[in-house]
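Naming: A, B, ... by sequence-line order, numbering from 1 per chain. Keep in mind that this is a model prediction, so the values were computed, not measured. The basis for the numbers below is simple: all heavy atoms, side chains too, and nothing from hydrogens, waters or symmetry mates.
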Protein chains: 2
Amino acid sequence: MDTSHPLPPDAERPLLAVDVVIFSLRQRDLQLLLVRRRYPPFKGRWAIPGGFVHVAESLEQAARRELEEETGVHAVYLEQLYTFGEPRRDPRGRVISVAYVALVPADVTARAGDDAAQADWHSAHALPALAFDHAEIVQYALQRLRYKLEYTAVGFELLPHEFTLSELQAAYETVLGERLDKRNFRRRLLEAGILEETERYREGESQGRPARLYRYRRDAVTEVKARRLFP
Amino acid sequence: MDTSHPLPPDAERPLLAVDVVIFSLRQRDLQLLLVRRRYPPFKGRWAIPGGFVHVAESLEQAARRELEEETGVHAVYLEQLYTFGEPRRDPRGRVISVAYVALVPADVTARAGDDAAQADWHSAHALPALAFDHAEIVQYALQRLRYKLEYTAVGFELLPHEFTLSELQAAYETVLGERLDKRNFRRRLLEAGILEETERYREGESQGRPARLYRYRRDAVTEVKARRLFP
DNA sequence: ACAATTGGTGTTAGCCTGACACCAACAACC
DNA sequence: GGTTGTTGGTGTCAGGCTAACACCAATTGT
């Protein structure tokens, strides 16, 4: 009797890639990092950074590696987004792409990795034509980002370590694409108990009154509990 | 000058699998379908149904195929959950598993596929030891199911085509693990406009007053808009 | 017919949301 | 140094929504 079971032939094994949509706030605009492809297919086209997963590496490790190659940062917010695996999404053969979303502070600078001729920030609202199905991935990432922002506290991840409430509000407004009431915004975030007041102020950078700096309480629960449809 | 770019060697290609967590409501209990593995590794252990993705097949097609092999149904709710890819999660080598969640009506019966000696429903609250990292996958699926139920209308997917409001409420209560107020529950769902009243009643199946049967309005928007943290 | 069981319906108090205006602290300019 | 402009920071209130709550209706079984 047969006790073993055949694995698929090598020809059926796909390639495994991770692609990372890296968001940041620059010049009061929501931007994401794109690289220009140095090799075919889609040579010369803009794409989101990514690459193949190494043998002994977890998916998240691979995503962090790609992220670090392009930006130099590693201790930032990173979350798995979705896995794209249409059979013909890559002309070289079957390539499965596990997409991640990263949020990096505004002071991070881009740098080109090995596979990319250039790496540059692009406004999320005015993107060039992208390679592969990357437009779809970006679309999905944007949706997820807005959605998360509405009911969690990830907004901080887009700002420097210390920030003013106005900067935080501007970040929310930029991502959500709508204006928020100042007093209500402040009340909510302060009552949520996820901010820590510092003794310092942001001085001399604008011409108005200096604003108090706040810090994200890393010890607080990461996800603000969403309000529920049923009690 | 080099204009091509090497692909990873075949040895680095992983195997690609889909695994499907199939939920259903049976005997007023949230249950999920498990199969007993017929081949090593983990021969004899319970596992969630799954298998390798064929070359020309999309991920969702593969998930629907596995689903149909085990249950015979195909037109049901199916959603990608998460991709698990730890390097050593499968002793046979690198296997990437794209996990899906399926919700099937209560009247579906299990049937063993080719790779499984048995297929049976198990209470989600009392599961046996599972193969691979499947316990983790199930945990994650349960979390997602509860979460979605709180702010969307997927509850119907667990019920037959026509159902009473009491049955729907019982479904919500079973999954969420808490009791809901009857009047508030009815009011919300009726006001949401996603239910369609039928002319029929469920008669003779219980000893009380017959209950009106409702139907899910497939033409309505699938996702009830979640309430938002910021207006 | 009587008991038991399930189906179906409205009101209200309290909370939360969203809308709204003014004074404070600093910089730039005169 | 005073005046103007700019940004920071604070409290209230009305209205809507949520959650809590009890009784009559229609059927089955005895």
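Atoms CD (B/Gln169) and C1' (C/dT6) sit 12 Å apart, rounded to a whole Å. Separating the CD atom of B/Glu197 from the P atom of C/dT9 is a distance of 8 Å, rounded to the nearest angstrom. Rounded to whole angstrom, the span from the CG atom of B/Leu168 across to the C1' atom of C/dG8 amounts to 15 Å. With rounding to whole Å, B/Asn184 atom CG is found 11 Å from C/dT11 atom C1'. Between A/Lys182 atom NZ and C/dA24 atom P there is a gap of 14 Å when expressed in whole angstrom units. Taking atom CZ of residue B/Arg187 and atom P of nucleotide D/dG16, one finds them 15 Å apart after rounding to whole Å. One can place CZ of A/Arg186 at 18 Å from P of C/dT17, the figure rounded to the nearest angstrom. Taking atom CD of A/Glu203 as the reference point, atom C1' of D/dT6 lies 16 Å away to the nearest angstrom.
Distances were taken from every side-chain heavy atom of B/Gln207 (C-beta onward) to each of C/dT17, C/dG8, D/dG29; the shortest belongs to D/dG29.
Nearest-nucleotide assignment on DNA chain D puts the 5′-proximal partner with A/Arg209, out of A/Asp181 and A/Arg209. The residue among B/Tyr214 and A/Pro210 whose nearest nucleotide of DNA chain C lies closer to the 5′ end is B/Tyr214.
Not one side-chain nitrogen or oxygen of A/Ser166 sits closer than 4.0 Å to the OP1 or OP2 atom of D/dT7.
Salt-bridge formation is not detected for the pair A/Arg217/A/Glu196: no Lys NZ or Arg NE/NH1/NH2 atom is positioned less than 4.0 Å from an Asp or Glu carboxylate oxygen. Using a 4.0 Å cut-off between a side-chain N of Lys or Arg and a carboxylate O of Asp or Glu, B/Arg64 and B/Glu68 do not qualify as a salt bridge.
Atom CD of B/Gln139 has 12 or fewer neighbouring heavy atoms from other residues, nucleotides or ligands inside a 6.0 Å radius. Atom CZ of A/Arg146 has more than 12 heavy atoms from other residues, nucleotides or ligands within 6.0 Å.
Side-chain N/O atoms of B/Arg183 and base N/O atoms of D/dA22 include a donor-acceptor pair closer than 3.5 Å.
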